[in-house]
Amino acid sequence: MSKVSMTQSPVLTIDGPSGAGKGSIAQLVAKALGWSLLDSGALYRLTALSAKRQNVSLDDEQALAKVAEGLVVEFLPSEFGEPVKVLLNGDDVTNEIRTEVAGNDASKIAPLAGVRKALLQRQRDFSTETGLVADGRDMGTVVFPQAEYKVFMTASAEERAERRYNQLKTKGEDVSIAALLKEIEERDARDMGRKNAPLKAASDAEVIDTTRFSIEEVLAQVMSLIH
Ligand code: DC
């Protein structure tokens, strides 16, 4: 059966491990095509942050599911290179959700079925008639299994640690590559090893290893799938 129906709006899913460059590519493709953007990882980061602010424990599945259901968030568009501005209950948390701590907290609550269920419809609601670029871990496998275009973007753990190191250095943060590499490997193991919606390429996804490619080259590869 064809995945494309006349009524279905186009969706491009971009899945892959942390630091593979999904976010930057998703932002560029969405801009080039005039499609909407879903940064699904932000929803997991926001759920963890909101839980902490309400003193909800990061292993209380039921309470976390309620937090996820009740999230009041806004994503405000930004220029490329700038992160999308994110508001939680009207409070600007753009920088707070991008820290290593927020990423690790998100990865810890992400295996919980109740949390994933609470966020499922919210993610699907990002789909618009014009089109959607959705990036995350299970966009092509669980959230948008019927998507017309699917990419699985990866890169070696060493390369991802180095990219992250350079990003943090530009921001003036002092971290060691070895510590970042360890965190990345731990996060990969958690995201790939969990029972619910583990990180993996959809069987019909185009796998792109970005290790030796520039952002322009990866963008060209993704755009060529769509044209
Ligand atoms: O993409 P990110 O680094 O912002 O995601 C943070 C964490 O959220 C990631 O380690 C696992 C989880 N996540 C997920 O389980 N499913 C998604 N679709 C997106 C993120």
Side-chain angles (χ1 to χ4, degrees), residues 11-27 30 37-52 58-59 61 64-65 67-68 71 73 75 78 83-86 88 93-127 132-145 147 150-155 157 159-161 163-165 167-168 180-202 205 210:
V11 175
L12 163 68
T13 61
I14 306 182
D15 289 307
S18 315
K22 305 181 302 285
S24 310
I25 293 293
Q27 230 182 322
L37 185 63
L38 164 61
D39 168 6
S40 62
L43 294 174
Y44 289 89
R45 288 169 185 258
L46 285 160
T47 302
L49 176 63
S50 184
K52 277 179 143 179
L58 295 190
D59 43 30
E61 181 166 358
L64 286 166
V67 171
L71 281 182
V73 293
F75 293 93
S78 64
V84 170
K85 199 167 169 184
V86 186
L88 174 64
V93 293
T94 314
N95 295 329
E96 202 171 344
I97 61 160
R98 293 291 153 215
T99 60
E100 299 304 301
V101 172
N104 280 317
D105 287 346
S107 171
K108 280 180 199 150
I109 62 157
L112 303 173
V115 171
R116 304 202 74 84
K117 191 164 163 242
L119 292 178
L120 186 61
Q121 193 55 45
R122 190 187 281 264
Q123 294 173 84
R124 289 184 175 153
D125 289 343
F126 275 79
S127 188
L132 175 71
V133 183
D135 95 71
R137 305 293 186 287
D138 61 340
M139 298 295 100
T141 49
V142 175
V143 181
F144 300 106
K150 295 185 185 180
V151 167
F152 188 83
M153 202 174 277
T154 182
E159 168 82 15
R160 289 182 282 131
R163 288 179 192 167
R164 186 76 185 130
Y165 174 77
Q167 263 175 6
L168 292 173
L180 286 172
L181 180 60
K182 185 165 173 275
E183 259 176 32
I184 281 182
E185 286 173 340
E186 282 170 4
R187 179 112 71 99
D188 284 358
R190 258 204 310 270
D191 292 350
M192 290 190 284
R194 67 185 183 217
K195 199 172 86 213
N196 296 311
L199 166 65
K200 66 172 182 200
T210 69

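Order of listing sets the numbers, starting from 1, for every ligand and every atom in it.
A donor-acceptor distance shorter than 3.5 angstrom exists from the side chain of Lys22 to the backbone of Gly16, with no hydrogens or angles considered. No donor-acceptor distance shorter than 3.5 angstrom exists from the side chain of Arg45 to the backbone of Ala102, with no hydrogens or angles considered.
Contact residues for ligand 1 (protein heavy atom closer than 4.0 angstrom to any ligand atom): Ser40, Gly41, Tyr44, Arg45, Ala106, Ser107, Ala110, Arg116, Gly136, Arg137, Asp138, Met139, Arg187, Asp191, Arg194.
Between the side chains of Arg187 and Ser18, at least one donor N or O sits under 3.5 Å from an acceptor N or O.
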Margin query: Let's go through Arg163 and Thr210 carefully: what are the C-alpha distance in whole Å and the side-chain angles of both, what is the deciding distance for side-chain hydrogen bond (donor to acceptor under 3.5 Å, both in side chains) to 0.1 Å, and is it a yes or a no?
Written below: CA-CA 12 Å; Arg163 288 179 192 167; Thr210 69; 3.1 Å; yes
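Between Glu183 and Arg164 no salt bridge is recorded (no basic side-chain N to carboxylate O distance below 4.0 Å). A salt bridge links Lys182 and Glu186; the closest N-O separation between the charged side-chain nitrogens and carboxylate oxygens is under 4.0 Å.
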